[in-house]
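Below is one structure, written out as structure tokens; the observations come after it.
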Number of protein chains: 2
Amino acid sequence: MEFDGRKRVVIENLQPSLECGRYPVKRCEGELVEVRVDIFCDSHDELGAVLLFRREEQADWESLPLYHKGNDRWENAFVVSEPGRYFFTVRAWVDHFATWQHFLTKKFNAGQDISVDLKVGSILLEQASRRVPSEFSVPLLDRARDLLSASEAAAAVLLATDKEITAMMSLYPDLSLAVEYSPALEIQVDSKKAVFSTWYELFPRSTGSGSHGTFRDCERRLPEIAAMGFDVLYLPPIHPIGFTNRKGRNNTTVSEEGDPGSPWAIGSSFGGHKDIEPQLGSMEDFVGLINAAASYGIEVAMDIAFQCSPDHPYVKEHPEWFKTRPDGSIQYAENPPKRYEDIVPFDFECEEWRSLWEELESVVLFWIEKGVRIFRVDNPHTKPFAFWEWLISRIRKRYPEVIFLSEAFTRPKVMYRLAKIGFNQSYTYFTWRNTKEELTNYFNELTKGSHVEYFRPNLWPNTPDILPEYLQIGGVKASAVRLVLAATLSSSYGIYGPVFENGVVDALPGTEEYRDAEKYEIKNWVEKKGGEELRDLIKRVNQARRENPSLQQIRNLRFYPVDNEYLLFYGKATSDLSNIVLVVVNLDPFHPQSGTLELPLQDLSVSPGQPLFLDDLLSGERFVWSGERSRVTLDPQRSPALLLSVQRQLRQEGQYEYY
Amino acid sequence: MEFDGRKRVVIENLQPSLECGRYPVKRCEGELVEVRVDIFCDSHDELGAVLLFRREEQADWESLPLYHKGNDRWENAFVVSEPGRYFFTVRAWVDHFATWQHFLTKKFNAGQDISVDLKVGSILLEQASRRVPSEFSVPLLDRARDLLSASEAAAAVLLATDKEITAMMSLYPDLSLAVEYSPALEIQVDSKKAVFSTWYELFPRSTGSGSHGTFRDCERRLPEIAAMGFDVLYLPPIHPIGFTNRKGRNNTTVSEEGDPGSPWAIGSSFGGHKDIEPQLGSMEDFVGLINAAASYGIEVAMDIAFQCSPDHPYVKEHPEWFKTRPDGSIQYAENPPKRYEDIVPFDFECEEWRSLWEELESVVLFWIEKGVRIFRVDNPHTKPFAFWEWLISRIRKRYPEVIFLSEAFTRPKVMYRLAKIGFNQSYTYFTWRNTKEELTNYFNELTKGSHVEYFRPNLWPNTPDILPEYLQIGGVKASAVRLVLAATLSSSYGIYGPVFENGVVDALPGTEEYRDAEKYEIKNWVEKKGGEELRDLIKRVNQARRENPSLQQIRNLRFYPVDNEYLLFYGKATSDLSNIVLVVVNLDPFHPQSGTLELPLQDLSVSPGQPLFLDDLLSGERFVWSGERSRVTLDPQRSPALLLSVQRQLRQEGQYEYY
């Protein structure tokens with residue numbers, strides 16, 4: 001397209017966008033995309049503008065008018081109805097006819113002679129008659145003639161500006177010098193679960209009674225998990241576990257007879273990433289588990305750990321994908337002086353990187369074909385960013401509903417980059433953020449800046465690798481605090497379930513590692529019952545999440561003031577305020593704490609004199625508050641938090657029919 | 001270049017940049033460009049990185065190392081030594097040798113066996129020996145051998161990590177998988193005057209005594225203007241003025257015999273944009289004025305007003321550049337219901353826009369060839385942005401020292417856009433910002449966000465078109481306040497001089513227009529002396545600007561607290577703190593105002609116990625302050641402001657030689 005200096009319109013600052021369009025922003029199916037853009041041109045002409053959008057597969061743009069909101073800012077919004085890639089852009093032009101109408105009216109009102117102006121308008125209409133569909137040509141030509149033959153100026157001005165002519169002309173503007181923002185911006189539209197999900201992690205091998213558990217044992221746990229309100233069941237790797245250098249209990253380098261090894265040491269003579277550990281059952285059993293889970297509204301999430309045990313078939317079949325040391329051995333994983341002798345990493349700088357990438361893609365496709373749609377990716381930050389960007393975009397092209405959770409506990413820029421290049425959800429630093437200041441700063445960072453456009457926090461109070469100090473010290477009461485925070489600060493959260501609900505907080509001294517960690521041994525959770533208190537809390541919290549749409553979003557989080565360092569006060573509301581939840585959490589698991597809340601009446605559209613009715617979704621207690629402040633006391637022996645559903649509008653006498 | 005999936009390094013967020021590189025950031029000759037960038041890769045490898053930069057004309061990059069400052073942020077800086085276009089980018093790579101050194105040391109310190117690692121290192125050295133200049137090959141091969149034959153591990157580690165081998169290997173890293181940020185970012189490097197300039201505007205026709213002044217009369221005013229400390233003399237258009245529809249006194253539509261007309265109605269039978277109004281003198285006289293001004297350190301700035309009087313030769317010779325109305329007349333300028341019958345605008349949407357653009361470029365080049373280097377562009381926002389971007393980049397290519405000042409008093413996004421596309425300085429809303437809150441908000445907007453990278457405010461207390469209400473009401477004392485603000489809030493400012501220094505504040509009632517405006521009549525400023533008070537203040541203020549480098553910058557402005565709404569307290573310092581000026585302005589031109597300043601001791605690197613010596617550059621008064629607060633009183637009858645030069649470091653006994 002040749003440069004045309006007559007194109008005078010400027011389109012700037014099209015939003016939402018991330019790094020000027022280098023990465024797509026993320027939305028979820030059914031969401032409204034609110035578009036804002038600056039449009040202007042030199043001089044004082046009137047402008048016209050439309051918002052153009054399409055799903056990747058659509059050939060043609062859909063079009064919506066853009067509205068000028070003042071200060072050269074134009075806006076409108078569109079709905080992205082299904083998972084996939086969407087594009088949007090803006091087209092704008094100088095509207096000579098509207099400018100002429102505007103000027104004509106001003107001149108007429110000022111009593112100036114408009115005879116020459118009417119001739120100008122008549123020419124504009126004639127020109128328009130040549131570009132409109134034939135049925136509109138005649139009316140336009142008629143109007144062009146009528147303008148000139150009008151008995152008096154006032155009549156001509158009416159003919160020049162009435163609704164009919166304005167509508168017709170704005171339907172067929174002169175686009176010969178229109179400008180389009182380019183390239184169009186991309187939106188990654190994800191499935192609903194990418195935004196709102198409730199995860200339960202368990203080792204299927206620990207679901208048996210006494211011996212090595214199986215997928216069938218696992219199926220038997222589904223009713224309980226569903227009753228607690230979880231909708232994702234995440235399993236650590238289910239593949240054959242290597243024997244060479246298998247880790248023993250408590251991560252010892254020598255295993256004993258019967259030690260099952262870490263599930264992340266993938267591959268043995270029984271197969272690799274496309275196979276199943278024989279002790280867990282068959283492929284049919286696994287598909288059976290997926291289907292059984294689905295009947296409870298639960299999706300099975302699989303672990304993607306792209307690394308091998310030394311016994312993995314790849315090591316023999318594809319030595320070109322690994323680094324060979326000068327002594328002929330294959331390089332094992334290390335972060336000196338730490339050594340992971342049971343694991344060999346792929347060498348992503350190998351000459352045969354193309355075949356390696358393709359094989360790894362085939363692993364993901366293999367499990368998608370078995371019915372898996374959610375993948376928790378282990379340590380993505382130890383594989384190249386370019387690989388993930390390629391892999392996720394290829395998978396999304398065919399299966400846009402697939403969800404990848406990034407398990408990268410590493411430096412902030414690395415974590416953010418992984419989210420930018422396509423991961424739908426991410427682990428976070430929540431696990432180590434405990435104080436009011438830490439939580440407020442971190443969640444403001446995640447929800448207020450540009451990160452909210454692409455980084456979706458999935459909050460975990462614990463994982464098989466991490467038993468945080470706060471839980472070690474605070475026990476069950478601390479677990480309760482962390483559960484409420486995880487479940488309400490973000491819309492996705494998860495627990496490493498059996499350990500969490502049973503209140504296990506036993507660590508190896510001076511570490512955040514579980515003593516007798518399940519990573520290296522088989523547990524028998526079925527018999528170790530207990531933890532009714534936590535299970536009950538989990539149930540209530542998850543029910544509140546399901547029933548309150550405001551808790552199913554991320555970017556609506558707002559912190560509010562309360563005059564006690566151990567109380568955290570925040571709220572979430574839907575944009576129409578039809579659902580509002582206020583949360584007060586006592587961060588002190590040992591002592592009752594009291595404080596005065598400053599109620600966000602303005603955010604709630606409530607006047608200070610109006611009463612607020614509140615239901616605590618945890619205790620069932622009810623409150624009526626009025627005024628701008630309210631005093632609360634939270635006793636950890638009774639409840640870690642208030643989860644207050646707000647009744648904003650109460651009927652008054654005038655709203656009853658019989659009034 | 002084919003995609004190589006083995007390139008693992010990521011380069012993000014290279015700064016300074018504007019809209020991801022769409023526009024250049026601006027710097028001035030001799031300035032240091034501080035580069036910041038995020039560089040990281042997957043896993044735990046060591047990285048290497050260099051900053052690359054060049055002047056547009058240079059074929060090869062100059063290179064500087066980048067230093068890791070933590071949190072994946074790398075930094076360094078380079079100097080842009082002369083006006084023109086510069087480019088910079090970043091190259092980064094995984095440094096396998098450094099990674100190996102790092103891991104080797106850790107393993108050795110942990111007492112692990114390193115024999116295989118030494119073999120790995122030896123191979124890395126052999127590989128390096130093949131890419132280095134021949135004189136380095138042998139030492140590298142020697143070292144590769146020595147590593148393997150070292151008598152013990154400790155000796156080998158020393159050989160692997162000593163300074164010599166580290167330097168050699170970091171000089172010749174393996175760049176086969178290096179990544180370069182692309183495209184490189186651009187810097188518009190301007191002449192010093194683009195940042196620091198002091199403007200005096202006068203109508204040369206009013207410099208005579210009694211009759212129409214000439215360039216020679218104008219020359220006679222130079223010593224005074226220089227004595228007041230101005231270094232730019234800006235003249236309204238000097239071209240022949242049209243006769244048709246010439247405006248009379250006070251902007252009446254009918255002129256009388258002898259009315260000189262508005263200089264912005266350019267063109268008559270005497271010529272157009274490349275000619276000189278005969279009553280002002282000859283082209284030689286004009287060049288004489290330029291040279292005479294230069295001998296006083298003053299540059300003549302010319303007005304570029306791309307519009308015509310109906311008598312302009314272009315109208316007859318190039319009717320294709322104008323809009324013809326249906327009655328055969330040429331469309332005059334209008335903003336209905338306002339009409340500017342003495343002016344016809346170019347039609348930038350005409351078919352012959354190319355020849356129009358080229359002719360207008362030739363106008364600028366014509367005056368550059370006469371010696372003009374500064375252009376004040378009249379109403380650039382009524383000509384297309386694309387035209388200015390094209391024009392300024394073409395001119396800068398040949399004359400990078402040329403300065404364009406944008407006279408666009410219009411909506412903020414339009415003003416910012418003009419600066420982004422190349423204008424070196426811009427008029428601002430300063431003219432209408434009077435209160436403490438207004439000034440603080442506006443100058444924080446200009447100096448704290450991204451605008452400071454490209455928008456250089458040139459502050460005008462008045463112009464021939466604008467006599468602000470504050471001056472109308474406050475008179476000479478208000479003029480003094482506005483002068484100090486203009487001269488110290490930004491590094492460039494100007495006054496519409498004779499009117500300002502003589503304290504003329506007579507407006508047409510209910511408007512901001514001067515009564516008997518000089519735009520439409522000839523004044524005789526030579527005889528109208530007076531205004532010693534303001535002239536003296538101007539002299540002192542401009543001297544302070546010349547002598548204090550901190551006042552010659554824009555982005556170093558900081559506001560500080562003072563507990564009186566009529567006192568404005570701010571300061572500027574050079575980055576090495578060798579020059580610091582604190583300013584306190586009394587915004588009330590009628591009454592004395594007192595307040596307590598909170599001194600920015602931290603910004604000044606002063607401890608609360610240390611004494612501060614201060615010289616008031618306006619009154620000559622001296623102060624010694626200590627502690628964090630100081631009480632001041634400013635009486636408009638004595639002085640509008642304190643302009644305090646700060647002596648930060650006082651010698652103490654230990655710093656004398658005889659101590």
Side-chain angles (χ1 to χ4, degrees), chain A residues 3-8 10 12-13 19-22 38 40-44 71-73 94 102-107 109-110 112 115-116 119-120 122-123 177 325-327 329 334-337 339 345 348-351 353-354 357 380-387 390 411-414 417, chain B residues 3-8 10 12-13 19-22 38 40-44 71-73 94 102-107 109-110 112 115-116 119-120 122-123 177 325-327 329 334-337 339 345 348-351 353-354 357 380-387 390 411-414 417:
Chain A
F3 174 73
D4 189 336
R6 297 172 305 163
K7 295 188 170 181
R8 296 163 47 213
V10 166
E12 273 193 347
N13 192 25
E19 298 183 19
C20 306
R22 162 68 180 89
D38 297 334
F40 48 89
C41 85
D42 60 274
S43 308
H44 303 285
N71 194 20
D72 299 316
R73 165 63 51 97
V94 174
H102 184 209
F103 283 9
L104 184 80
T105 308
K106 282 193 163 180
K107 288 175 178 179
N109 291 342
Q112 296 174 4
S115 55
V116 180
K119 282 186 194 147
V120 170
S122 165
I123 292 168
L177 297 177
R325 306 178 82 207
D327 64 353
S329 67
E334 57 176 3
N335 188 9
R339 295 191 276 205
F348 279 90
E349 283 192 12
C350 71
E351 293 288 335
W353 60 273
R354 278 194 186 77
W357 286 23
H381 59 295
T382 59
K383 291 93 196 170
F385 297 97
F387 165 69
W390 173 87
R411 307 189 306 285
K413 284 163 191 168
V414 174
R417 174 87 180 192
Chain B
F3 174 73
D4 189 336
R6 297 172 304 162
K7 296 188 169 181
R8 296 164 46 214
V10 166
E12 273 193 347
N13 191 25
E19 297 183 19
C20 306
R22 162 68 181 88
D38 297 334
F40 48 89
C41 86
D42 59 274
S43 309
H44 305 284
N71 193 21
D72 299 315
R73 166 64 51 97
V94 174
H102 184 210
F103 283 9
L104 183 79
T105 309
K106 283 195 164 179
K107 288 175 179 180
N109 291 343
Q112 296 173 6
S115 55
V116 180
K119 282 187 193 143
V120 171
S122 166
I123 292 167
L177 297 176
R325 306 178 83 207
D327 64 353
S329 67
E334 59 176 1
N335 188 8
R339 295 191 277 208
F348 279 89
E349 282 191 13
C350 71
E351 292 287 335
W353 61 274
R354 277 194 188 76
W357 286 22
H381 59 294
T382 59
K383 291 92 196 169
F385 297 97
F387 165 68
W390 173 87
R411 307 189 307 284
K413 284 164 192 168
V414 174
R417 174 89 179 189

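Order of the sequence lines fixes the chain letters, A, B, ..., with proteins taken first and strands second; residue numbering starts at 1 for each chain.
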Top contributor to chain B interface from A:G5, A:P345, A:S329, A:A110 [non-hydrogen pairs under 4.5 Å]: A:G5

Contacting region of B:I123 [heavy-atom separation from chain A under 4.5 Å]: side chain

Gap separating the NZ atom of A:K106 from the CG atom of B:N335, nearest 0.5 angstrom: 6.0 Å

Residue B:F103 versus chain A: region with a heavy atom under 4.5 Å: both

Among A:K383, A:H381, A:R325, A:R417, residue most engaged with chain B (heavy-atom pairs, under 4.5 Å): A:R417

Shortest non-hydrogen separation from A:R6 to B:E349 and the atoms involved: CD-O, 3.3 Å

A:K413 side chain vs B:N71 backbone, donor-acceptor pair below 3.5 Å: yes

Heavy-atom contact with chain B under 4.5 Å, split by part of A:C41: backbone

Side-chain (B:T382) to main-chain (A:S43) donor-acceptor, under 3.5 angstrom: no

Heavy-atom pair with the smallest gap, counting every atom of B:Q112 and A:P337: NE2-O, 2.8 Å

Pairs of heavy atoms under 4.5 Å with chain A: top-ranked of B:E19, B:R22, B:K119, B:E12: B:E12

Heavy-atom contact with chain A under 4.5 Å, split by part of B:R73: both

Most contacts with chain A, counted as non-hydrogen pairs under 4.5 angstrom, among B:D327, B:T105, B:V94: B:D327

Under 4.5 Å from a heavy atom of chain B, the part of A:L177 involved: side chain

Spacing of CG belonging to B:D72 relative to CZ belonging to A:R411, to within rounding of 0.5 Å: 4.0 Å

B:D42 versus A:F385, closest heavy-atom pair with distance: N-CE1, 3.7 Å

Residue part contacting chain B, namely of A:V10, when any heavy atom lies under 4.5 Å: side chain

Interchain contact, B:H44 with chain A, by part (heavy-atom threshold 4.5 Å): side chain

Exercise: identify the closest heavy-atom pair between A:F3 and B:A386: CZ-CB, 4.1 Å

Part of B:W390 lying under 4.5 Å from any heavy atom of chain A: neither

Nearest-0.5 Å distance, NZ of residue B:K107 to CD of residue A:E334: 3.5 Å

Segment of A:N13 engaging chain B (4.5 angstrom heavy-atom cut-off): neither

